[in-house]
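One structure is given here, and the rest of the page talks about it.
Being a predicted model, the structure only gives us computed values, none of them experimental. Chain letters run A, B, ... following the sequence lines, proteins first and then strands; every chain starts at 1.
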Amino acid sequence: MFTPFAADLLADLTARRDLPAPTAAAVADAERRIPLSLASELRTLLYGGVTALAGGLGALLYEHHERLGPGLILSLMTALLLVAAWYAGRHRPRFTWGVAPRTSVGADYALLLACLLFLGIEGYAQAEYTVFGTRYGLASAVPAVLFLAAAYFFDHRGVLALGLTALAAWVGFTVAPLGVLTSFDFVPARLRAAAIGLGSVLTAVAFGSEWRGRKAHFAPTYLSLGANLAGVGLASVLIDGWDSIVTHLLCVPALAGLAWALYRFAHRIRSYWFLVLAAGWGYFLVTYLWIRLMWLGKELDEGVFLLSAIYFMLSAAGIVRFFLNLKKLLPPAPGETPSRPS
Amino acid sequence: MLDALLTRFAAYPLPWPRHLRWLTQAERWHRRRWLTDEQLAAVRAAYPLDCYRPAWPLRVGLFIITLIGFGLGGGFFAFFITTAIQEFSLTVYALVAAVGALFWLELGIREKRLYHAGPDNALLYVALGAAATLAARYSWVWNDFSLTSWRSVPLVLVWLGLALAATARYAERGAAGAAFAGALLVLVNLLLPLSWGRLALPLVGFGFGAAVAWLTREPRRATPAAYYYEGVRQTWRLLALATTYLSVNYLVVREVNAALSGQYVSAHPPLGGVCIVLTAVLPVVFIALGLRRPDRVLLLVGLAALAFSFYTLRHYRPLLPLSVAATLVGAAALAVALFGLRYLRPERHTLTSHPDAADLDDEDAAANPFGRAALESLVSVRLSAGLAAPDTGPRTEFGGGQFGGGGASSGF
């Protein structure tokens with residue numbers, strides 16, 4: 001697609017002697033000839049087709065469930081799973097700690113389909129035959145282990161996310177089995193501790209893989225789940241444990257550390273997303289501390305109201321300033337001139 | 001002529017849109033390895049971008065914050081005035097909003113060098129909305145606005161004028177969309193009072209859409225106006241294509257016709273046969289033209305129209321149960337996608353199934369602010385093909401099949 005703007009740019013660059021005329025001509029020629037890429041359209045179609053097919057087939061199976069019987073349905077799903085897994089395995093890239101080169105578009109989808117099918121088979125078998133009994137922890141541990149292994153083996157971030165979700169479910173089931181969910185006071189504390197623990201572990205894994213170069217491109221996936229899990233856990237402890245000194249002594253530095261870790265990570269991989277996350281948790285912490293401070297002087301009704309109003313106005317202005325200067329908080333991309341401080 | 005006028009009433013300095021477009025273009029070429037790092041650096045030095053225009057998530061954030069901030073501040077100010085004059089007055093609120101928003105808008109462009117950065121978009125919408133409200137407040141149809149009477153035409157024309165003026169000065173996509181909607185409103189308001197107006201509505205909409213789509217085709221020459229209004233042109237073209245299809249879509253025509261004539265259950269409208277044919281044919285025409293040109297916008301509108309045509313068919317004639325239909329459509333989509341992925345590799349009929357290296361954003365934080373963000377952690381498979389693009393490939397080798405090495409698929 002050779003727009004008049006592109007022609008204009010090439011003419012101007014040639015006139016300025018920033019680009020030799022033969023190069024400009026070659027670029028113009030290539031631009032005129034380059035085919036339109038339908039990659040994203042075809043992939044969307046592929047994705048939509050898989051979704052519609054899976055949904056339609058699932059509905060069909062459900063409608064004819066009585067007639068087919070669970071045995072046949074399970075065999076069908078297993079056969080499909082095997083085909084998908086075989087196809088993915090056939091196109092598996094050689095293992096590397098870096099980013100493995102993509103071998104086939106279809107294989108990535110086949111692997112994802114196989115994982116989703118595995119979940120479906122497992123759930124269906126549990127519903128029909130209760131293969132795991134009431135050991136729900138085991139039922140979530142199996143896919144967690146399988147998917148995490150497959151993610152590293154096939155170098156697939158979607159499967160990694162699936163595996164981490166299963167891992168979180170396993171931890172949740174382990175600390176709070178369904179049977180004890182009725183006793184109210186004890187369980188939330190355990191769930192919180194589990195969230196903070198798992199979140200910290202995942203954050204540590206993220207840092208390990210980024211700094212050690214072990215599947216560094218998995219680090220954002222680990223971190224965005226881990227940091228938010230830990231953050232939510234810490235925040236809920238802070239809000240709930242209003243009167244306990246010990247929790248504050250532990251949780252405030254922990255949350256500050258989390259925000260700092262996110263900032264370090266954002267800085268390293270030049271990601272605005274993690275920068276915004278870091279700022280979000282940092283802002284939460286500062287606001288929380290401010291409210292605690294105001295709580296100390298709650299006898300001074302109007303003074304506290306005024307101070308809080310000023311705080312929120314100033315912090316809103318601070319947010320705008322943060323957004324406006326976001327680019328300067330990260331190191332410049334290679335080849336990009338550093339932005340002028342203004 | 002237009003260009004001379006443009007320097008007078010354009011709100012933003014004319015180099016901004018040109019430099020922005022050129023930088024984007026040069027970065028695309030650089031990602032395809034058609035330009036060397038040094039050449040890209042030369043482009044960046046030659047066309048400095050001294051305006052503020054952050055990446056889109058930040059624009060959205062700034063847009064929302066500005067709306068909230070301006071609402072609070074302006075509301076506070078108007079509250080003082082209405083307290084002073086002791087009664088609630090819509091006029092005061094609208095005036096404060098319009099004047100205040102315009103003031104901050106112009107100040108922001110001049111002092112903060114905003115270029116469609118979020119705050120200026122928000123302020124423009126506020127000013128436009130407030131001005132439209134004021135116009136309605138002092139028109140004679142404030143209490144009995146109706147598109148079936150010509151008494152509303154002057155007001156609708158004023159709205160159109162406001163939106164067109166805003167578009168002319170700020171070249172902003174939202175304002176352009178408002179102008180397009182205003183033009184449609186004028187047409188509808190002119191037609192509906194006529195006895196044959198409702199009958200003509202689909203055809204007029206079709207004609208208007210097609211005419212605008214033709215007028216907003218890609219410009220021949222890169223004039224300053226072409227740079228300045230490129231966003232407006234794209235907006236109008238997209239809306240025009242959608243209007244062309246939707247105004248003759250059978251479902252739209254039938255239901256709108258029923259609503260206008262007060263039927264509770266819609267019936268086959270007059271000219272329904274023509275609409276059925278066009279509903280079936282237009283998506284195919286769009287897709288065929290889009291592939292032939294090739295023209296991505298036309299193709300995407302055609303695909304969306306095709307989906308809506310299927311929905312229209314199912315709405316009135318559910319030929320198959322939903323589960324069977326979903327299975328069949330899914331299988332067909334899968335087959336088309338797989339066939340396309342193979343057939344178009346590496347290239348046929350100036351189409352390819354390889355990703356364009358220019359669209360890839362790996363390691364390129366400038367192209368995609370969320371760079372390596374964890375959007376994958378939602379279970380969406382993003383295939384970062386082309387990560388293995390050769391770093392030191394031959395730079396000026398522009399043969400037939402060599403386009404930048406996007407996609408490392410040598411597997412099959």
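- Most heavy-atom pairs under 4.5 Å with chain B: of the set A/Val50, A/Leu45, A/Leu10, this distinction falls to A/Leu45.
- Contact detail for A/Pro220 and A/Phe274: the closest heavy-atom pair is O-CZ, 3.6 Å.
- Proximity to chain A (any heavy atom under 4.5 Å) is restricted, for B/Arg221, to the backbone atoms N, CA, C and O.
- The number of heavy atoms from other shown groups lying within 6.0 Å of CH2 (B/Trp29) is above 12.
- With A/Phe2 as the aromatic partner, A/Arg32 meets the cation-pi criteria of under 6.0 angstrom to the ring centre and within 45 degrees of the ring axis.
- Looking at B/Leu328, there are no atoms closer than 4.5 Å to chain A (heavy atoms on both sides), in backbone or side chain.
- The choice from B/Ala226, B/Ala117, B/Ala332 that makes the most heavy-atom pairs within less than 4.5 Å of chain A is B/Ala226.
- Taking the side-chain contact (heavy atoms from CB on, under 4.5 Å) definition, one finds that A/Ala54 meets it with nothing, sequence neighbours left out.
- Using a cut-off of 4.0 Å between Lys/Arg side-chain N and Asp/Glu carboxylate O, A/Asp155 and A/Arg92 are scored as not salt-bridged.
- Within the 4.5 angstrom heavy-atom criterion, only side-chain atoms of B/Leu62, from C-beta onward, approach chain A.
- If you measure heavy-atom distances from B/Leu291 to chain A, the contacts under 4.5 Å come from the side chain alone.
- When the candidates A/Ser37, A/Ala107, A/Gly49, A/Ala7 are compared by the number of heavy-atom contacts under 4.5 Å with chain B, A/Ser37 comes out ahead.
- B/Arg32 and A/Glu31 are joined by a salt bridge, as a carboxylate oxygen and a charged side-chain nitrogen come within less than 4.0 angstrom of each other.
- Summarising the geometry of A/Leu223 relative to A/Leu262, their closest heavy-atom pair is CD2-CD2, 3.8 Å, with the distance given to 0.1 Å.
- Looking at B/Leu300, the atoms closer than 4.5 Å to chain A (heavy atoms on both sides) all sit in the side chain, from C-beta outward.
- Interface residue B/Arg220: only backbone heavy atoms are found under 4.5 Å from chain A.
- Neither the backbone nor the side chain of A/Leu160 comes within less than 4.5 Å of any heavy atom in chain B.
- The aromatic rings of B/Tyr227 and A/Phe5 lie tilted to each other, with the angle between the two planes from 30° to 60°.
- Looking at A/Leu46, the atoms closer than 4.5 Å to chain B (heavy atoms on both sides) sit in the backbone and in the side chain alike.
- For A/Arg16, the side-chain contact (heavy atoms from CB on, under 4.5 Å) partners at least two apart in sequence or on another chain are A/Asp12, A/Asp18, B/Ala46, B/Tyr47.
- If you measure heavy-atom distances from B/Leu351 to chain A, the contacts under 4.5 Å come from both the backbone and the side chain.
- Note on B/Pro321, B/Pro219, B/Gly69: by heavy-atom pairs under 4.5 Å with chain A, the leading option is B/Pro219.
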